[in-house]
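Working notes, structure below.
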Amino acid sequence: MLILVIIAVVIVLGIIFVKHVDQRRWQRYQFERDMYFRQHPFQWKGLEQFGLVLNINSHTQKKLINELMLRPRASGYIKKACVQREPECANQHYAIKVMIQDLTIGYLEKKYAELFGESLDQTDFEIGRPIEINAEIIIFEKDDIDVGCRVKLDLPRDPRAARQYLIENQQQQFQEK
């Protein structure tokens, strides 16, 4: 009887150990995947429309201007931005954040984000791979002391066309290599 109890305890401990090892392996995989995605985002080229204006609050505007050390000028600044899907939250299925140099400057409008995310369903974007796009930052003076900015993104006006642009860009990259 004692031998059966010892065997049962060894089996339970073995199962716990295997689950722990598997969980650590999964965490390591997720970390390595996230690092790969960060170093190799999807490249989005060719639109040059800057038709989508991002709504950002005044605090974020000031932070962006200070971080990038931007000054008002006649033409806007073109900077690289990343568009990345956030984990699902309670009130919306797709929350898509926009970052410039690891500074989250805002989120895409809710309806646009839903259609954009649905269009890129079954791609790496869905599991967290960012899309690198161009952003036009226009700095303007609000009054004598205060400045503000407006950010326009190089995304298609119709978010359902995102998948087509992504496929075309990926094919161009493979042809260039």
Side-chain angles (χ1 to χ4, degrees), residues 34-87 89 91-120 123-177:
D34 289 343
M35 291 304 297
Y36 176 81
F37 284 170
R38 193 183 238 320
Q39 293 170 355
H40 301 95
F42 284 126
Q43 300 293 317
W44 195 286
K45 299 176 185 173
L47 284 177
E48 302 296 327
Q49 292 177 359
F50 301 106
L52 185 66
V53 177
L54 184 66
N55 294 324
I56 53 179
N57 61 33
S58 60
H59 175 71
T60 305
Q61 289 178 18
K62 289 177 185 175
K63 191 171 184 178
L64 180 64
I65 292 168
N66 290 334
E67 285 280 328
L68 300 179
M69 294 184 275
L70 304 176
R71 297 184 177 269
R73 66 179 194 183
S75 62
Y77 296 92
I78 305 293
K79 297 286 183 184
K80 294 287 184 192
C82 281
V83 177
Q84 186 174 19
R85 182 172 185 245
E86 287 276 282
C89 41
N91 59 350
Q92 81 186 81
H93 184 64
Y94 287 99
I96 300 176
K97 69 179 175 181
V98 179
M99 299 179 303
I100 295 179
Q101 293 183 354
D102 292 331
L103 173 67
T104 300
I105 59 170
Y107 289 84
L108 294 180
E109 187 264 331
K110 187 176 181 178
K111 184 67 176 166
Y112 187 92
E114 287 285 332
L115 294 172
F116 189 80
E118 288 172 5
S119 174
L120 295 176
T123 65
D124 285 345
F125 180 77
E126 187 175 16
I127 57 173
R129 187 172 186 180
I131 299 175
E132 188 175 87
I133 60 172
N134 287 328
E136 181 181 37
I137 304 171
I138 301 168
I139 308 296
F140 56 87
E141 294 183 21
K142 291 180 179 177
D143 52 39
D144 292 339
I145 300 170
D146 209 13
V147 294
C149 68
R150 186 172 63 193
V151 178
K152 294 180 177 181
L153 302 175
D154 190 19
L155 289 173
R157 292 177 195 259
D158 181 12
R160 293 172 290 216
R163 185 179 193 89
Q164 185 62 31
Y165 285 114
L166 189 63
I167 291 170
E168 289 173 6
N169 283 319
Q170 289 299 101
Q171 289 173 348
Q172 286 176 355
Q173 284 180 359
F174 286 127
Q175 290 173 356
E176 290 173 2
K177 289 181 180 180

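- In this structure, the separation between CD on Glu86 and OH on Tyr94 is 14.0 Å, given to the nearest 0.5 Å.
- Other residues, nucleotides and ligands place more than 12 heavy atoms under 6.0 Å from the CG atom of Asp158.
- For the atom pair Asn55 CG and Tyr107 OH, the distance stands at 14.5 Å (nearest 0.5 Å).
- In this structure, Ile133 CD1 and Ile100 CD1 are separated by 8.5 Å, a value rounded to the nearest 0.5 Å.
- Counting non-hydrogen atoms of other residues, nucleotides and ligands closer than 6.0 Å to CZ of Arg73 gives a total above 12.
- A donor-acceptor pair under 3.5 Å is absent between the side-chain atoms of Arg85 and the main chain of Gly128, judged by distance alone.
- A cation-pi arrangement, defined by a distance under 6.0 Å to the six-membered ring centre and an angle within 45 degrees of its axis, is present between Arg129 and Phe42.
- Remark: the backbone N or O of Trp44 is not paired with any side-chain donor or acceptor of Glu132 at under 3.5 angstrom.
- Between Leu108 and Leu155, the closest side-chain pair of non-hydrogen atoms falls below 4.5 Å.
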Determine, stepwise, if the pair Lys80 / Asn134 fulfils side chain to side chain contact (heavy atoms under 4.5 Å, CB included). CA-CA 5 Å; Lys80 294 287 184 192; Asn134 287 328; 3.3 Å; yes
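- The shortest heavy-atom contact between Lys152 and Phe50 is CD-O, 3.4 Å.
- Applying the 6.0 Å contact sphere to CD of Gln101 captures no more than 12 heavy atoms from other residues, nucleotides or ligands.
- In summary, Asp102 and Arg38 engage in a salt bridge, as defined by a charged side-chain N under 4.0 Å from a carboxylate O.
- Here Leu68 contributes atom CG and Cys149 contributes atom SG; the two are 9.0 Å apart, rounded to the nearest 0.5 Å.
- Contact of the Asp146 side chain with the Glu141 side chain is not registered, since no non-hydrogen atoms from C-beta on lie closer than 4.5 Å.
- Of all the heavy atoms in Ser119 and Arg163, the pair that sits closest is OG-N, 3.1 Å.
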Can you list the steps and then say if Val53 with Arg150 is a side chain to side chain contact (heavy atoms under 4.5 Å, CB included)? CA-CA 7 Å; Val53 177; Arg150 186 172 63 193; 3.8 Å; yes
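- Here Ile137 contributes atom CD1 and Leu54 contributes atom CG; the two are 10.5 Å apart, rounded to the nearest 0.5 Å.
- Residues Ala81 and Val98 come closest through the heavy atom pair CB-CG1, 4.4 Å.
- The side-chain heavy atoms of Phe37 and Ile127, taken from C-beta on, include a pair separated by under 4.5 Å.
- Looking at every heavy atom in both residues, Pro72 comes nearest to Val147 through CG-CG1, 4.1 Å.
- Applying the ring pair (Phe, Tyr, Trp, His ring centres under 6.0 Å) criterion to Tyr77, with sequence neighbours excluded, gives no partner residue.
- Other residues, nucleotides and ligands contribute only 12 or fewer heavy atoms inside 6.0 Å of the NZ atom of Lys63.
- In this structure, the side chains of Leu64 and Glu67 stay at 4.5 Å or more apart for every pair of heavy atoms.
- Across all their heavy atoms, Phe116 and Val83 have their closest contact at CE2-CG1, 4.3 Å.
- Going from atom CD1 of Ile138 over to atom CG of Leu70 covers 12.0 Å, rounded to the nearest 0.5 Å.
- The two residues Met99 and Thr104 make their nearest non-hydrogen contact at CG-OG1, 3.7 Å.
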